[in-house]
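See below for the structure under consideration.
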Amino acid sequence: MTLDELAFRLNDFNGEEGTTFDALVTEQDILEVTCSNNDEFPIHVTQTDTQILAVTPLFNISEVESGNVDELNAIFLRLSPAVPLSSIGLQGETYILFGAMALSTRFEVIAHELEVQAENTIDVLEAVEHLLA
C-alpha cells in the first residue's frame, strides 16, 4: 500500500473507539496523520523498503528545564516498556515517540497502531510535563 492509498483509506475510516483520521501526504513524501483522539501532535508516517515508520515529534531538548535532562531520560527509560506499540527516542534535538510495522501489516492494524500512538503521546507528555519549561 502506498502512502497515498493509506491516506485515502485513513480519511474514510472510523476506529473501534470512534477515532477519525485526517491524513495528507506532504511534498516530502511523508504522510502526516492527525487522530481525533489527539489533534495536537500529528504522526509522521513514512515507508522504507522493509517497514512502515510512524514518528510523533514531542518536544525539543531546549524545552526541558535546566538541569532536568538526566531525570527526563531516566523517566523515559522506565516508561518506555509500559507504552504499548511505541518507543521513545531522541532524533537530533527532538524527543520522539515512534513505532514500526511490517509493510504487510493489514490496514486495520495500521489504523489501530496510529490510534494507540496518538493516545501514548498524551500519556508520555503527562508523565514528564513537570520537567518542561
Side-chain angles (χ1 to χ4, degrees):
M1 177 178 334
T2 68
L3 291 178
D4 286 323
E5 292 168 334
L6 181 56
F8 179 79
R9 291 192 67 186
L10 284 169
N11 286 328
D12 195 39
F13 183 77
N14 287 319
E16 291 178 16
E17 298 176 13
T19 303
T20 58
F21 301 89
D22 182 16
L24 175 69
V25 178
T26 69
E27 293 178 10
Q28 295 80 22
D29 285 331
I30 294 173
L31 178 59
E32 188 171 288
V33 179
T34 303
C35 301
S36 63
N37 63 349
N38 176 3
D39 59 3
E40 293 183 49
F41 291 87
I43 302 168
H44 302 154
V45 179
T46 188
Q47 289 181 335
T48 69
D49 291 338
T50 58
Q51 61 187 346
I52 300 167
L53 302 171
V55 176
T56 305
L58 300 174
F59 53 86
N60 193 285
I61 198 167
S62 66
E63 297 175 62
V64 180
E65 285 187 7
S66 180
N68 286 334
V69 171
D70 289 341
E71 182 180 352
L72 175 78
N73 290 338
I75 290 171
F76 278 163
L77 286 172
R78 287 191 302 274
L79 187 61
S80 192
V83 182
L85 305 175
S86 300
S87 297
I88 303 165
L90 190 60
Q91 188 174 46
E93 295 291 311
T94 303
Y95 284 94
I96 61 170
L97 194 70
F98 67 97
M101 299 165 265
L103 289 176
S104 60
T105 303
R106 290 178 316 129
F107 169 76
E108 292 77 16
V109 174
I110 294 170
H112 174 72
E113 290 205 20
L114 292 173
E115 184 177 25
V116 170
Q117 185 162 326
E119 293 169 0
N120 288 345
T121 299
I122 295 167
D123 293 342
V124 166
L125 289 171
E126 286 176 353
V128 299
E129 66 186 348
H130 65 284
L131 299 173
L132 302 177

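We number each residue from 1, following the sequence as shown. As the structure is a computational prediction, the values presented were derived from the model and not from experiment.
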Specify the closest pair of heavy atoms between Q47 and M1, including all atoms of both residues, with the distance to one decimal.
-> NE2-O, 2.7 Å
Indicate if V124 and L132 have the same hydrophobic cluster label, given that clusters are the connected sets of ILVMFWY residues with side-chain heavy-atom separations under 4.5 angstrom.
-> yes
Stepwise side-chain contact (heavy atoms from CB on, under 4.5 Å) check, F76 with L90 | CA-CA 11 Å; F76 278 163; L90 190 60; over 6 Å; no
Could you tell me which non-hydrogen atom of A23 sits nearest to which non-hydrogen atom of V33, and how far apart they are?
-> CB-CG2, 4.1 Å
Supply the atom-to-atom distance I110 CD1 to T105 OG1, rounded to the nearest 0.5 angstrom.
-> 5.5 Å
Side chain proximity check, E63 to E93, heavy atoms < 4.5 angstrom = no
Output the distance between atom CG (N14) and atom OG1 (T20), rounded to the nearest 0.5 Å.
-> 6.5 Å
Minimum heavy-atom distance between E113 and L85, given as atom pair plus value = CG-CD1, 3.8 Å
Point-to-point distance, once rounded to the nearest 0.5 Å, from CG of L97 to CG of N120 | 6.0 Å
Nearest-0.5 Å distance that lies between atom CD in Q117 and atom OG in S86 = 4.5 Å
From T48 atom OG1 to L103 atom CG, the distance as rounded to the nearest 0.5 Å = 6.0 Å
Without swapping roles, check the side chain of D22 against the backbone of L24 for a donor-acceptor pair under 3.5 Å.
-> no
Step by step, work out the side-chain contact (heavy atoms from CB on, under 4.5 Å) result for V109 and M101.
-> CA-CA 9 Å; V109 174; M101 299 165 265; 5.5 Å; no
If you take all heavy atoms of L58 and F41, which pair is closest and at what distance?
-> O-CE2, 3.5 Å
Linking I/L/V/M/F/W/Y whenever their side-chain heavy atoms sit closer than 4.5 Å, directly or via other members, would V69 and I75 fall into one cluster?
-> yes
For S80 and L77, indicate whether the former's side chain and the latter's backbone hold a donor-acceptor pair under 3.5 Å.
-> no
What's the shortest heavy-atom distance between P57 and P42, and which atoms?
-> CD-O, 3.9 Å
Linking I/L/V/M/F/W/Y whenever any side-chain heavy atoms sit under 4.5 Å apart, do V116 and V55 land together?
-> no
Taking atom types as modelled and ignoring hydrogens, do the side chains of Q28 and T26 form a donor-acceptor contact shorter than 3.5 angstrom?
-> yes
Would you give the length of the straight line joining atom NE2 of H130 to atom CG of L72, rounded to the nearest 0.5 angstrom?
-> 8.5 Å
State yes or no: do I43 and L125 share one hydrophobic cluster built from I, L, V, M, F, W and Y residues joined by side-chain heavy-atom distances below 4.5 Å, directly or via other members?
-> no
Candidate list L131, V64, V128, test side chain to side chain contact (heavy atoms under 4.5 Å, CB included), partner E71, passing option = L131
Single-linkage hydrophobic cluster, 4.5 Å side-chain cutoff, V45 and F8 together | no
Angle class for the F13/F107 ring planes (parallel below 30°, perpendicular above 60°, tilted otherwise)?
-> perpendicular
T56 and N38: CA distance, side-chain angles, deciding distance, side-chain contact (heavy atoms from CB on, under 4.5 Å) verdict | CA-CA 11 Å; T56 305; N38 176 3; 6.0 Å; no
Shortest non-hydrogen contact from N37 toward I122 | O-CD1, 3.4 Å
Indicate whether any N or O donor in one side chain lies under 3.5 Å from an N or O acceptor in the other, for D4 and T2.
-> no
